[in-house]
Amino acid sequence: MYCREEKFLSISERRSQPLFFSSSTTDVFSSLPPSPSPRQLHQAHAKLVVLGHSSRRSPVAHLLSRCALLPPSLLPAAYCLSLYSRLDRPSAFASNNLLRCLARGPAPRAAVLSYRAARLAGVPTNNYTYPFLLSACGKHPPLPSEGRQVHAHVVKLAFSRDLFVRNALISFYAACRDMGSAETVFEERPDVRDVVSWNSLLVGYARAGEIRVAEDLFDRMPVRDAVSWSSLMVGYVEKGVPEKGLRRFREMVERGVAVNEAALVTALSASAQLGLIECGRFVHATMERLGFRMTLGVGTALVDMYAKCGCIEISRRVFEDLPRRDVFAWNAMLCGLATHGLGKDALDLYRRFIDGGLRPTSVTFIGVLNACSRAGLVDEGRMHFRSMVQDYGIQPEMEHYGCIVDLLGRAGLVSEALELIEGMTIVPDPVLWGTLLGACKIHGLAELGETIGKKLIELEPAHDGHYVLLSGIYAKARKWEDVVKVRKLMTNRGTNKVPGWSLIEAHGEVHKFVAGDREHEQSPEIYERIGMIESRLAEAGYLPDTSQVLHDIGDEEKVLAVKQHSERLAIAFGLMVIEEGHPVRIVKNLRVCGDCHEFSKMVSKVFEREIIVRDGSRFHHFKEGNCSCLDYW
DNA sequence: GTAGGGTTAG
């Protein structure tokens, strides 16, 4: 309406119009949609300027309150500060809304500084001030000493009876991992408590890894809501027991608790971690059954879950069907394609992402570099590594170096990789040296491998993987005495060899196998099946390669040790119980050994069955005698 | 006009 009127006015007429011709500012705000974009807020601001209201307390505070609701990525903290700075005598409302903007913005510490300035300028505070301020102090990384000072103000200014303030205090202490203080605030006033108080404490314990305490709180809660359930689930997932989180999700659904986005995302993340597609499908189906509308968060978690459960095509479809995509969604898809060895597709996706005008993050480059590595695109990888720093100002982190070392190592450029490591600005971690050591083993560089292996053992003497890799390098060079020496060293030092296991899902049940396992109730049939598979493979000309069996034992025993690797048991079981035409999906914790890799390729050919293995770091799609990793992993 | 939960990588 305002604009239409203006169209008919000449410039001179416009000048002659009183600035307040649209007498109220309510029009400016009532024309805004429920969730305005930054651009629409700027337009509202422009209207206030035209109306001559840009220094008036109430409309500016109103505008700030709308800014504070923007998603954090769009929150213009500097702009909010400039809006606020136009005010002569800011109200508590205006100041609170500035605090709210700053607390949600990229630099929450600014909220503390702004509060200090407001106190000095005599701006009044009220009970709304402290929740915003304490939330700023509890953001990552937390500001413990600032928050404690705020707590002192709360007490001094007599706001400590306020439920919202108390809850914000509990959350703040929980974020600082100071559960003692969180508990004190919680216990101090049992009459000023609600479900949020309980949840805040619960989250604190869950994040601190004190899952038993969290469970106990959960059981004692007088009222539980969806946040209570999802917070407990997060605790399990963070504690490394995603299966318990999934169990809670099922329980939550069975009890008819209204499922929320966080519960869905956490349950999907748990399924993704476990690689259990049937669990993931259950969560997806539950979501659809309940008519939960697709959100960015759930969409991203679905893309990630399907990718991590080996269903990269479904993952792609979910991604393409998303109504909106943010950088998290793109990153999930990109990284998914890369771990599946679809390097070319990942790079095409990255192109689309950049052409769409989005800004990559450091995780985006982990995906891109990984993709280059998997596709063997050395020059392209080097180019993106440079572009990351030069075009986007992202400093390489350990993971980026990891991808590049992997890329160079795979291409046999081990000395270039070594040079890169030596020139790093951050101290290379053992994982990085381990990546290089892996490259030495693959390319048979015994001397360099020996140096790095010894160095690694020195760095992490309790880590069995280093001894295993080094003895593998010796074994490949047929230096048997050294193999024995390293193995003895390993035993003497009492390192615990991480036992290898493989999981396979069949008809709603999860079956777990460890090497040489005879626990499974169908063990006799499984071993019989392995024998049968082997004779079929032998007819097809397959010879076991025992060079990677890192035992100082005789050849015959070596063959036996390889034969009983956990994924073989899982594959044999899979061939027994998974219907024909369906792929056999296996999840294992360690990397696949060379012989099992060869074995899987042959099985996929001879038995015309697709086998999808998720190992410790990537996927192997075995089909018609080939593997998607192109035999480098 | 307030406080509590989740997603990408390794």
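Sequence lines set the chain letters: A, B, ... in the order given, protein chains first and strands last, and positions in each chain run from 1. Computed from a predicted structure; not experimentally measured.
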Which of the following nucleotides, B/dT7, B/dA9, B/dT2, is nearest to the side chain of A/Phe164? B/dT2
Of all the nucleotides listed (B/dA3, B/dG1, B/dG10), which has the minimum atom distance to the side chain of A/Asp194? B/dA3
Rounding to a whole Å, what distance do you find between A/Asp304:CG and B/dT8:P? 5 Å
Pairing of A/Arg255 and A/Glu251 as salt bridge, 4.0 angstrom limit: yes
Counting the atoms with a prime plus P, OP1 and OP2 as sugar-phosphate, which does A/Thr266 contact under 4.0 Å by heavy atoms, base, sugar-phosphate, or nothing? sugar-phosphate
Heavy atoms from C-beta onward define the side chain here; which of B/dT8, B/dA3, B/dG10 lies closest to that of A/Phe132? B/dA3
For A/Phe282 and A/Phe249, take the angle between the two ring planes, folded into 0 to 90°, and tell me which bin it lands in: parallel under 30, tilted 30 to 60, perpendicular over 60. perpendicular
Which part of the nucleic acid does A/Val234 contact within heavy-atom distance under 4.0 Å: base, sugar-phosphate only, or nothing? sugar-phosphate
Indicate, with a heavy-atom threshold strictly under 4.0 Å, whether A/Val196 touches base, sugar-phosphate, or nothing. base
Any idea which of B/dT2, B/dT7, B/dA9 is nearest the A/Cys335 side chain? B/dA9
With a 4.0 Å cut-off on heavy atoms, is A/Arg207 in touch with a base, just the backbone sugar-phosphate, or nothing at all? sugar-phosphate
Would you say the base of B/dG1 stacks on A/Tyr128 (centre-to-centre below 5.5 Å, plane angle below 30°)? yes
As a test of reading the structure: which of B/dG1, B/dG6, B/dT2 is closest to the side chain of A/Asn126, going by heavy atoms? B/dG1
Could you tell me whether A/Asp162 contacts a base, only the sugar-phosphate backbone, or nothing, with contacts defined as non-hydrogen atoms closer than 4.0 Å? nothing
Do the charged groups of A/Asp406 and A/Arg410 touch, with an N to O distance under 4.0 Å? no
Round to the nearest Å and state the distance from A/Asp406 atom CG to B/dG10 atom C1'. 12 Å
Inspect the contact between A/Glu187 and A/Arg193 and indicate whether a charged nitrogen and a carboxylate oxygen are less than 4.0 angstrom apart. yes
Rounding to a whole Å, what distance do you find between A/Glu397:CD and B/dA9:C1'? 9 Å
Value for SG (A/Cys80) from CG (A/Leu64), rounded to nearest 0.5 Å, stands at 5.5 Å
Taken to the nearest whole Å, CG/A/Leu98 to C1'/B/dT2 is 16 Å
Is any side-chain heavy atom of A/Phe186 closer than 4.5 Å to a side-chain heavy atom of A/Trp198? yes
Whole-Å gap separating P (B/dT8) and OH (A/Tyr306): 16 Å
Look at all strands and tell whether A/Arg166 reaches a base, only sugar-phosphate, or nothing, counting heavy atoms closer than 4.0 Å. nothing
Presence of A/Lys308 side-chain N/O under 4.0 Å of B/dA9 phosphate oxygens OP1/OP2: yes
A/Phe365 has an atom CZ; how far is it from atom C1' of B/dG10, in whole Å? 18 Å
So which nucleotide from B/dT8, B/dG6, B/dA3 ends up closest to the side chain of A/Asn331? B/dT8
Touch check for A/Asn370, heavy atoms < 4.0 angstrom, all strands: base, sugar-phosphate only, or nothing? sugar-phosphate
